[in-house]
Amino acid sequence: VCGHPILADDPELRIDFAGISERGVSMRLHNPEPKRKTFTVRSNPGFAGVIPPFEFQISLNPGSGIWVTAKGNQLTIDNIR
């Protein structure tokens with residue numbers, strides 16, 4: 001398997017994969033664009049069996065970043081910067 005374990009519907013979203021725990025898949029998301037945007041984020045199906053599946057939508061302000069953990073349809077916000 002190659003590629004990123006986390007996908008988004010918008011190539012401008014910056015995604016940093018942080019790891020997997022019993023809580024789910026942890027990541028940092030960053031919107032580098034000059035306007036607020038809503039993104040759909042999901043696990044890469046090519047990593048099925050490696051990372052638990054998830055999908056969610058999130059809106060981020062311009063230049064903002066957020067740490068989240070996703071598991072199934074549950075999203076936990078870990079930190080807003």
Side-chain angles (χ1 to χ4, degrees):
V1 175
C2 63
H4 202 288
I6 303 166
L7 303 175
D9 64 336
D10 186 327
E12 296 301 321
L13 180 66
R14 302 299 184 252
I15 304 170
D16 295 318
F17 173 69
I20 304 167
S21 70
E22 65 280 346
R23 293 178 56 226
V25 179
S26 296
M27 67 201 84
R28 180 179 184 271
L29 306 173
H30 173 69
N31 175 13
E33 294 295 300
K35 62 181 180 177
R36 182 174 176 84
K37 293 181 86 173
T38 298
F39 303 94
T40 299
V41 182
R42 65 182 174 89
S43 55
N44 183 338
F47 284 79
V50 178
I51 65 170
F54 64 86
E55 184 171 336
F56 62 88
Q57 285 193 326
I58 192 163
S59 296
L60 296 174
N61 288 325
S64 70
I66 188 170
W67 286 95
V68 298
T69 300
K71 188 173 187 179
N73 62 359
Q74 296 182 356
L75 181 67
T76 303
I77 296 174
D78 297 323
N79 191 2
I80 300 175
R81 299 177 188 192

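As the structure is a prediction and not an experimental result, all values here were calculated from the model.
The shortest non-hydrogen separation linking Glu12 to Arg14 is O-NH1, 2.8 Å. Ala8 and Leu13 make their closest contact through CB-CD2, 3.6 Å (heavy atoms, listed as atom of the first residue, atom of the second, distance). Shortest non-hydrogen contact noted between Pro45 and Arg42 is CD-NH1, 3.2 Å. Contact record, Leu75 with Ala70: CD1-CB, 4.2 Å, taken as the closest heavy-atom pair.
Looking at Asn44, its side chain never comes within 3.5 Å of a backbone N or O of Leu7 through a donor-acceptor pair. His30 places no side-chain N or O within donor-acceptor distance of the main-chain N or O of Ile15, the cut-off being under 3.5 Å.
Rounded to the nearest 0.5 angstrom, Leu29 CG and Ile66 CD1 are separated by 7.0 Å. The CD1 atom of Ile6 lies 8.5 Å from the OG atom of Ser43; values are rounded to the nearest 0.5 Å.
Partners of Asp10 under the salt bridge (charged side-chain N to carboxylate O under 4.0 Å, His left out) rule, at least two apart in sequence or in another chain, are Lys37.
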Considering only distance and modelled atom types, tabulate donor-acceptor pairs under 3.5 Å from the side chains of residues 53-63, sequence neighbours left out.
residue	atom	partner	partner atom	Å
Gln57	NE2	Thr40	OG1	3.0
Ser59	OG	Thr38	OG1	2.6
Asn61	OD1	Arg36	NH1	2.6

Would you tabulate the side-chain donor-acceptor contacts of residues 20-27 under 3.5 Å, counting partners in other chains and residues two or more places apart, or write 'none'?
residue	atom	partner	partner atom	Å
Ser21	OG	Arg23	N	3.1
Arg23	NH2	Asp78	OD1	2.8
Ser26	OG	Thr69	OG1	3.0

